[in-house]
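Here is how names work: the chains are called A, B, and so on, in the same order as the sequence lines, proteins then strands, and each is numbered from 1.
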There are 2 protein chains.
Amino acid sequence: MENEITSAESIVKIEKRLRYISGMIKQNGRKILHNYPITSPQFVALQWLLEEGDLTIGELSNKISLAFSTTTDLVDRMEKNELVERIRDDKDRRVVRIHLLDKGKVIIHEVIEKRQEYLQEVLDGFSPEEETILNEMLDSLYSRMKQVNEK
Amino acid sequence: MENEITSAESIVKIEKRLRYISGMIKQNGRKILHNYPITSPQFVALQWLLEEGDLTIGELSNKISLAFSTTTDLVDRMEKNELVERIRDDKDRRVVRIHLLDKGKVIIHEVIEKRQEYLQEVLDGFSPEEETILNEMLDSLYSRMKQVNEK
DNA sequence: CGCTTTAGCTTAGTATAACAAATTTTCATC
DNA sequence: GATGAAAATTTGTTATACTAAGCTAAAGCG
């Protein structure tokens, strides 16, 4: 059963807040990446590789919601910088698996740490109760968005 | 006085949630913009112009956290597509004010509406109480981030 | 006034990102 | 083995994004 419709006014407010927050996060992300030899899309890709292990071009493209050809170029540049390497699958020679190299691993770990420090600082302004609520909220938001996006 | 330090584990979890959610929003945004003749950065710029009224290149650059020259190019393309126009300030001939044109206004309104419909759908899964909590949470997050970013 | 500095924006130059369409290579299947 | 499909890449084009250099108008100052 669906709940009552949220007022339009409320939606506008929430949309605005989300936009401002995402602007803040973007701004902070820029500041951090400025000290590292990777770009924002590269960061996203590397983080997925760290989290999921080796991924094919297709899998990575889906994770980061980009066209195959965009991902190919992205990987080209990261390979040139020795952040990752391509490994041809022995069973299926069509498939290329992207593997995180040490240099990439060090960088991505450091950047993630900086981001976590930032988050830590933000959350220092929260009580433990608020933090619990935030966690639950993000969980709900995520699973609900997943539902809606998959429709 | 600061609250107790959030556990590292919790931070990791929250970071991950935020990342997933922003991925979802990005994915949905792409889907919507696909039907309109504007790009994602252009959308952001137009939305600020709608919200704030005419802005100078400098003001707009700050709003969207981009270099002046990037904004100049962005405005060039939007001007070519008749979404906005440049108006020289009469008092101070150095200043250029970016003004939203009708075509741009129609597009930005429609895109915002689509985004709000999406948010509406997401929030339909929430009870009024949850929604109130969400609102408060976003408020806290925003003001706290602003504090931290300005340090 | 005449000079320098500053502010606001644009240009130039380069690298990256993003996509659609065409192509290549390999696999699966008939 | 021919044919079609799948996975990546290449091609071609446009948009984003930055730094550094340049331009023009305003402001400050002797």
Side-chain angles (χ1 to χ4, degrees), chain A residues 23 26-27 29-49 54-81 83-99 107, chain B residues 23 26-27 29-46 48-49 54-81 83-99 104 107:
Chain A
K26 183 185 163 197
Q27 199 180 317
R30 239 167 234 290
K31 207 159 49 181
I32 293 174
L33 285 182
H34 207 258
N35 302 310
Y36 294 91
I38 61 173
T39 63
S40 179
Q42 289 177 15
F43 165 68
V44 175
L46 291 176
Q47 196 166 17
W48 277 111
L49 288 170
D54 297 3
L55 292 173
T56 67
I57 293 282
E59 289 167 344
L60 186 55
S61 295
N62 290 331
K63 293 288 185 196
I64 59 186
S65 302
L66 292 180
F68 275 37
S69 59
T70 305
T71 304
T72 294
D73 286 348
L74 198 65
V75 169
D76 279 349
R77 288 184 290 271
M78 292 196 293
E79 197 171 26
K80 196 175 295 173
N81 290 333
L83 305 171
V84 302
E85 65 178 346
R86 280 178 164 86
I87 300 177
R88 278 272 163 202
D89 188 310
D90 274 335
K91 300 262 167 73
D92 186 342
R93 309 281 306 158
R94 287 173 305 182
V95 173
V96 168
R97 232 163 274 285
I98 314 303
H99 177 75
I107 292 174
Chain B
K26 182 185 163 195
Q27 199 179 316
R30 241 167 234 291
K31 207 158 51 184
I32 293 173
L33 286 182
H34 208 258
N35 302 311
Y36 295 90
I38 59 171
T39 63
S40 179
Q42 287 175 17
F43 165 68
V44 175
L46 291 175
W48 277 112
L49 288 170
D54 298 1
L55 291 173
T56 67
I57 294 280
E59 288 165 346
L60 187 54
S61 296
N62 289 332
K63 293 287 184 196
I64 59 187
S65 302
L66 293 178
F68 275 38
S69 60
T70 304
T71 304
T72 295
D73 287 346
L74 198 66
V75 169
D76 279 349
R77 287 185 291 271
M78 293 196 293
E79 195 170 28
K80 196 176 295 175
N81 289 335
L83 305 171
V84 302
E85 66 178 346
R86 280 179 163 85
I87 300 176
R88 281 268 164 204
D89 190 311
D90 275 336
K91 299 266 165 73
D92 184 342
R93 308 284 305 158
R94 290 171 306 178
V95 174
V96 169
R97 233 163 273 285
I98 314 304
H99 177 74
I107 292 175

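Contact annotation for A/Arg86: backbone-only contact, meaning every heavy-atom pair under 4.0 Å involves sugar-phosphate atoms and none involves a base. Backbone-only contact: A/Thr56 has heavy atoms under 4.0 Å from sugar-phosphate atoms and none from a base. Residue-level contact check: A/Arg97 touches neither bases nor backbone, having no heavy atom under 4.0 Å from any strand.
In this structure, A/Asn81 contributes its side chain and A/Leu83 its backbone to no donor-acceptor pair below 3.5 Å. Of the possible donor and acceptor atoms, one in the side chain of A/Glu79 sits under 3.5 Å from a partner among the backbone N and O of A/Arg86.
In this structure the side chain of A/Leu33 never reaches within 4.5 angstrom of the side chain of A/Thr39, judged on heavy atoms. Proximity of B/Val96 to B/Arg88: side-chain heavy atoms (C-beta onward) are separated by under 4.5 Å at one or more points. With contacts defined as side-chain heavy-atom distances shorter than 4.5 Å, the pair B/Arg30/A/Leu66 qualifies.
In summary, of the residues considered (A/Thr56, A/Thr71, A/Thr72), a side-chain hydrogen bond (donor to acceptor under 3.5 Å, both in side chains) with A/Ser61 occurs for A/Thr71 alone.
As rounded to whole Å, 14 Å separates atom P of C/dC9 from atom CG of B/Leu74. Going from atom CG of A/Leu60 over to atom C1' of D/dA8 covers 13 Å, rounded to whole Å. Spacing between atom CD1 of A/Ile57 and atom C1' of D/dT10 amounts to 13 Å, rounded to whole angstrom units. In this structure, CZ of B/Arg30 is placed 15 Å from P of D/dA15, rounded to the nearest angstrom. If you take NZ of B/Lys91 and C1' of D/dA25, they are 16 Å apart, rounded to a whole angstrom. Counting to the nearest Å, the C1' atom of C/dT16 and the CG atom of A/Leu46 are 15 Å from each other. Residue B/Met78 contributes atom CE, which lies 19 Å from atom P of D/dT14 at whole-angstrom precision. A straight line from CG of B/Asn81 to C1' of D/dA15 spans 11 Å, rounded to a whole angstrom.
Scored by the side chain to side chain contact (heavy atoms under 4.5 Å, CB included) test, B/Ser69 finds B/Ala67 as partners (sequence neighbours excluded). Under the rule for a salt bridge (Lys or Arg N to Asp or Glu O under 4.0 Å), A/Asp73 has no partner lying at least two apart in sequence or in another chain. Residues that satisfy the salt bridge (Lys or Arg N to Asp or Glu O under 4.0 Å) test with B/Glu85, not counting sequence neighbours, are absent from this structure.
Atom-to-atom distance recorded for B/Ile64:CD1 and A/Lys26:NZ is 7.0 Å, nearest 0.5 angstrom. With rounding to the nearest 0.5 Å, the separation of CD1 in A/Ile38 from CD in A/Gln47 is 9.5 Å.
Regarding contacts with the backbone of C/dA18, every side-chain N or O of B/His34 stays at 4.0 angstrom or more from both OP1 and OP2. Regarding contacts with the backbone of C/dA17, a side-chain N or O of A/Arg77 is found under 4.0 angstrom from either OP1 or OP2.
Distance from the side chain of A/Asp73 is smallest for C/dC19 among the nucleotides C/dC19, D/dA8, C/dT10. If you check D/dA8, C/dC9, C/dA17 against the side chain of A/Gln42, the one that comes closest is C/dA17.
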Would B/Leu74 and B/Leu60 count as a side-chain contact (heavy atoms from CB on, under 4.5 Å) if you check the C-alpha gap in whole Å, the side-chain angles of each, and the deciding distance to 0.1 Å? CA-CA 11 Å; B/Leu74 198 66; B/Leu60 187 54; 5.8 Å; no

Restricting both atoms to N or O, compile the protein contacts to nucleotides 1-3 of chain D shorter than 3.5 Å, with distance only.
none

Listed pairs, N/O of protein and of nucleotides 4-6 of chain C, under 3.5 Å:
none

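Closest-nucleotide positions on DNA chain C for A/Asp92 and A/Ser40 were compared, and the one nearer the 5' end corresponds to A/Ser40. Ranked by how close their nearest DNA chain D nucleotide is to the 5' end, A/Arg88 and B/Arg93 are led by A/Arg88. Residues A/Thr72 and B/Asp90 each lie close to DNA chain D; by heavy-atom proximity, the contact nearer the 5' end of the strand is made by A/Thr72.
Contact check of residues 62-70 of chain B against DNA chain C (heavy atom, cut-off under 4.0 Å) returns B/Phe68, B/Ser69.
Checked for salt-bridge contact, B/Asp90 and B/Arg97 miss the test: no charged N lies under 4.0 Å from a carboxylate O.
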